[in-house]
Amino acid sequence: MSKSIFLLRHGQTTFNAQQRLQGHCNSELTALGQNQASTIGASLSKKIGNINQWAVYSSPLGRALETAQIVCEQLDIDSDNIVTDERLKEFNLGDWETCFIPDLVKQNPKLLNHRDWYLSAPHCESYESVVNRVKDFLADNAVPDHVIVISHGLTGAVFRGVYAAMSYSETFEQDLPQNAYFLLADDKISRIQCEVTTVETV
């Protein structure tokens, strides 16, 4: 594949901090999440030579767009140039959206024994559906060859899995970082770790 893709997850959200599931619903970035987005944007600015060669694509969900806007500030890109793409949205987590993870574990103590436990949600979007979304995005000639993608934890894992032809189990063995991002290029995946300053709260 000829494309070069920087793949980011949105920064920490209020629901992330509260251990609540989001899926297609949304919550705003926390102060830490904003800092994560800013730090990744600053790191990207050092990795990218000619920024004019790069396009920014984002999930249309608010937390991803908020992250994309902060990243664009660091890259000196007009946020009006962000392209939203439905194919980059998070899994729809069905009946579990907005639920607290500890409550779900009380109902099923063995829930977290499986890395793909999210997909146990009643009426959850299927793995195959998200794989097809990602494959369609990667094969889309309208998407530029140099693109910064802001997506989500689970969809991002599937994105990397599809890119590297991982198995189902390999896909869900990956971590879902908010303090790192990935370069997908030349059929390889490189992880770029970012040191995010701790945000103190009072």
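No experiment lies behind these values; they were computed from the predicted model shown.
At least one donor-acceptor pair under 3.5 Å links the side chain of Ser45 to the backbone N or O of Ala42. With Thr155 contributing its side chain and Ser151 its backbone, the two residues share no donor-acceptor pair below 3.5 Å.
For Glu170 and Arg160, the salt-bridge test fails: no basic side-chain N is under 4.0 Å from an acidic carboxylate O. Taking the charged nitrogens against the carboxylate oxygens, Arg191 and Asp175 do have a contact shorter than 4.0 Å, which makes a salt bridge.
With rounding to the nearest 0.5 Å, the separation of CZ in Arg9 from CG in Asn179 is 10.0 Å. For the atom pair Leu88 CG and His152 NE2, the distance stands at 8.0 Å (nearest 0.5 Å).
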Given side chain to side chain donor-acceptor pair (under 3.5 Å), test Tyr168 with Asp116 step by step and report yes or no.
-> CA-CA 9 Å; Tyr168 179 88; Asp116 63 346; 2.5 Å; yes

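Under the 4.5 Å side-chain criterion, counting only non-hydrogen atoms from C-beta, Val71 is in contact with Leu44. Side-chain contact between Ile82 and Leu65 is present, with heavy atoms from C-beta onward closer than 4.5 Å. Contact check for Phe91 versus Leu119: side-chain heavy atoms found under the 4.5 Å cut-off.
Residues passing the side chain to side chain donor-acceptor pair (under 3.5 Å) test with Glu97: none are found, sequence neighbours excluded.
Each of Glu86, Arg87, Lys89, His24 was checked for a side chain to side chain contact (heavy atoms under 4.5 Å, CB included) with Ser59, and the lone residue meeting it is Lys89. Considering Glu28, Gln12, Glu90, His10 as possible partners of Arg63, the one that fulfils the side-chain hydrogen bond (donor to acceptor under 3.5 Å, both in side chains) test is His10. For the side-chain hydrogen bond (donor to acceptor under 3.5 Å, both in side chains) with Thr13, the lone residue among Gln178, Gln22, Gln18 that qualifies is Gln22.
Seen from the ring of Phe100, Arg20 counts as a face-on cation partner, given the 6.0 Å and 45° thresholds.
The aromatic ring centroids of Phe159 and Phe182 lie 6.0 Å or more from each other. No close placement of the Trp96 and Tyr118 rings is indicated, their centers lying 6.0 Å or farther apart.
Under the 30°/60° scheme for interplanar angles, the aromatic rings of Trp54 and His146 are found to stand perpendicular.
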